Structure formats: structure tokens, C-alpha cells
Amino acid sequence: MSEFVDETETLQANIEGMKNLSDSLAKFNESFASWLYIMNMNSLTVDWPQAPSDASFIMAKRRAEKDALDAMVALQTKNREAEAAVADRTAMTEVTDIETTFADNVTTDTSAQTSKSVSIPKKSSKKPKLSAKEKKERSLEIEKVISCLPLEFRGSDPNLRRSMETVIEGLLNVTPQGIKLIDLIKPPDLIQARVNKCLIALVNRKVVRKDNSTGTVLYHWVGIS
């Protein structure tokens with residue numbers, strides 16, 4: 001009987017030991033599970049594989065420099081276009097002012113001549129007759145001159161091109177003594193303002209030379225050099 005009691009006490013001790021081991025394992029499992037959960041959350045918040053590296057910062061710097069260079073080139077191009085537009089407007093304004101001044105002068109001169117009943121004397125010299133070869137050479141020369149002028153004289157405005165051809169014909173007919181602006185006027189198509197515009201283009205291209213040394217403005221034909 002005493003042996004049975006001893007064996008029972010041993011079994012009780014073993015059972016209590018098993019219970020203590022189970023409690024310890026339960027505590028360990030709970031703590032280990034908490035640690036695993038914390039490590040998982042830490043990896044989601046701290047471990048960022050897509051974070052920028054040193055190469056990313058170098059590429060960003062190069063991209064910023066390239067964008068700045070492109071912006072500078074675009075600004076310079078825009079400034080050049082603006083300057084060219086201003087220059088064109090200034091040139092057109094100057095031409096318009098000159099045309100207006102000449103038109104006003106012609107109106108004043110015409111009014112004065114009408115009041116005094118004075119007519120402009122016509123030249124007695126007739127237009128020289130040209131042979132077929134001379135006509136062809138003159139036509140080629142006129143075409144060569146017009147091809148060097150601005151676009152509006154080259155066919156953009158057919159009426160203006162015909163006026164330019166007529167003005168050049170008049171200049172060639174009086175070479176080298178020169179001709180006055182008023183002698184080139186042939187109303188109603190070739191009016192003062194249009195003749196003046198054609199002469200300005202020819203003088204600017206240095207095809208015609210303007211001379212006022214004698215007190216009278218004369219235009220002399222120079223031709224394409």
C-alpha cells in the first residue's frame with residue numbers, strides 16, 4: 001500500500017510538472033507571436049525597398065539640369081522671334097510713314113499746281129525702241145532684280161509686282177541721267193505712294209542710287225552687282 005501511495009505521489013508530481021511545462025509553453029508562444037507581429041509591422045513601416053538611392057539623386061540632378069537648359073533655349077528662341085517681329089514692325093512703320101509723307105507732299109503739290117493752273121510738262125523724248133534681243137535681255141534683268149526683292153514684290157501681290165516692273169522699266173529708259181520720282185507716276189495704277197514704295201525697296205537693295213546733291217532728288221539705276 002505504501003508503494004502505491006508513493007507511485008501516486010510520483011504521478012501527481014509528474015502531472016504538475018507537465019502542467020507547468022504547458023503553462024510555460026503557452027507564455028512562450030504568446031510572447032513569440034507578439035514578437036513576430038512586431039517584426040512584421042516593422043518591415044512594413046521601416047523596410048522600404050523602393051526608397052531612392054544615390055543613383056536616383058544623380059539622375060534627378062541631371063534631369064533638372066536638362067530641363068533648365070531646354071527652358072533657357074526656348075526663352076532665347078522666343079526672345080529672338082520677338083526681336084525679329086519688332087524689327088519687322090519698325091521697318092514697316094518707317095515705310096508707311098515715308099509713304100504717308102510723300103503722299104501728303106504730292107497732294108499739296110497737286111493742289112498748288114491746280115490753283116495756279118500749272119501743268120507738268122511732258123518730256124519730248126520718246127521711249128527708245130528695243131530689238132527683240134534687247135527686250136529679252138531687259139526682261140531677264142528685271143526678273144533678276146525682282147528675285148532679289150522681298151516676297152511681296154516677287155508675286156505675293158501681283159499688282160505690286162507689275163508696278164515694280166514698270167518702275168524698273170522707267171529707270172532703265174533714262175539711264176544714266178537719272179529720273180525724278182514724279183516722272184515715274186502713271187495714274188491710276190501707278191500712284192505716288194506705290195512708286196515711292198518700289199523705289200524704297202530698290203534703294204535698300206542697292207539696285208538704285210538716290211542722289212539729291214543737285215537740290216533735286218534723282219534716282220539712278222545701278223543694277224545687280
Side-chain angles (χ1 to χ4, degrees), residues 76-113 120-123 125-128 130 133-225:
Q76 291 176 352
T77 302
K78 185 177 180 181
N79 290 338
R80 285 195 295 268
E81 292 176 353
E83 291 175 358
V86 170
D88 292 341
R89 286 197 297 269
T90 303
M92 291 300 297
T93 303
E94 292 177 355
V95 172
T96 304
D97 292 341
I98 294 174
E99 291 178 356
T100 304
T101 302
F102 273 100
D104 293 340
N105 292 338
V106 169
T107 303
T108 303
D109 294 341
T110 304
S111 300
Q113 291 173 0
I120 300 174
K122 297 183 179 179
K123 289 187 176 182
S125 59
K126 295 182 180 180
K127 181 178 178 180
L130 302 176
K133 181 179 179 181
E134 289 174 337
K135 288 181 180 180
K136 184 176 181 181
E137 291 176 351
R138 176 166 292 190
S139 177
L140 292 174
E141 184 176 4
I142 293 173
E143 183 64 29
K144 182 179 179 182
V145 172
I146 291 179
S147 64
C148 300
L149 298 177
L151 179 61
E152 58 180 339
F153 297 100
R154 300 201 305 266
S156 176
D157 185 349
N159 294 328
L160 189 57
R161 180 187 174 94
R162 285 194 295 269
S163 299
M164 176 61 77
E165 292 175 352
T166 305
V167 170
I168 295 175
E169 282 276 1
L171 289 165
L172 290 172
N173 289 335
V174 296
T175 302
Q177 63 267 29
I179 190 171
K180 294 187 291 185
L181 184 147
I182 197 170
D183 295 333
L184 295 170
I185 299 174
K186 296 180 181 180
D189 296 330
L190 202 58
I191 59 176
Q192 165 73 22
R194 180 158 291 187
V195 172
N196 180 63
K197 185 174 184 178
C198 295
L199 289 173
I200 290 174
L202 293 171
V203 171
N204 289 338
R205 188 60 183 81
K206 297 182 180 180
V207 180
V208 172
R209 178 173 55 86
K210 183 178 180 181
D211 180 24
N212 57 357
S213 58
T214 60
T216 302
V217 179
L218 295 175
Y219 293 90
H220 299 272
W221 179 258
V222 177
I224 297 292
S225 57

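Please read all numbers here as calculations on a predicted model, not as lab measurements.
Summarising the geometry, atom OG belonging to Ser139 is positioned 13.5 Å from atom NZ belonging to Lys144; distances are rounded to the nearest 0.5 Å. With values rounded to the nearest 0.5 angstrom, Asn196 atom CG is found 9.5 Å from Ile185 atom CD1. Summarising the geometry, atom SG belonging to Cys198 is positioned 5.0 Å from atom CG belonging to Leu160; distances are rounded to the nearest 0.5 Å. Rounding to the nearest 0.5 Å gives a distance of 9.0 Å between OH of Tyr219 and CG of Asn212. To the nearest 0.5 angstrom, Arg209 atom CZ is 12.0 Å from Leu171 atom CG. The CG atom of Asp189 lies 8.0 Å from the CZ atom of Arg194; values are rounded to the nearest 0.5 Å.
With a 4.5 Å cut-off on side-chain heavy atoms, Thr216 and Asp211 do not count as touching. Counting heavy atoms from C-beta on, the side chains of Val208 and His220 never come closer than 4.5 Å. Taking the side chain as every heavy atom from C-beta outward, Asn173 and Ile179 never approach each other to under 4.5 Å. Side-chain contact between Glu152 and Lys197: present, with at least one pair of heavy atoms (C-beta onward) separated by less than 4.5 Å.
When all heavy atoms of Phe153 and Ile146 are compared, the pair lying nearest together is O-CG2, 3.3 Å. Pairing each heavy atom of Ser147 with each of Arg154, the nearest pair is O-CD, 3.5 Å. Between Leu190 and Leu184, the shortest heavy-atom contact is CD2-O, 3.1 Å. Nearest heavy-atom pair across Val145 and Ile168 is CG1-CD1, 3.9 Å. Pro188 and Ile191 get closest at one heavy-atom pair: O-CG2, 3.4 Å. Nearest approach of Ala201 to Met164, heavy atoms of both residues: CB-CE, 4.2 Å.
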Salt bridge (charged side-chain N to carboxylate O under 4.0 Å, His left out) between Arg161 and Glu143, intermediate numbers included: CA-CA 10 Å; Arg161 180 187 174 94; Glu143 183 64 29; 2.6 Å; yes

Residue pair Val195, Thr166: steps toward the side chain to side chain contact (heavy atoms under 4.5 Å, CB included) verdict: CA-CA 9 Å; Val195 172; Thr166 305; over 6 Å; no

Run the side chain to side chain contact (heavy atoms under 4.5 Å, CB included) test on Leu181 and Gln192 for me, step by step, so that the C-alpha distance in whole Å, both residues' side-chain angles and the decisive distance to 0.1 Å come before the verdict. CA-CA 8 Å; Leu181 184 147; Gln192 165 73 22; 2.8 Å; yes

Begin with the C-alpha distance, continue with both residues' side-chain angles, and end with the deciding distance and a verdict on side chain to side chain contact (heavy atoms under 4.5 Å, CB included) for Lys210 and Val217. CA-CA 7 Å; Lys210 183 178 180 181; Val217 179; 3.6 Å; yes

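Side-chain atoms of Asn204 come within 3.5 Å of backbone N or O of Ile200 as a donor-acceptor pair.
By the 4.0 Å N-to-carboxylate-O rule, Glu165 lies too far from Arg138 to be salt-bridged with it.
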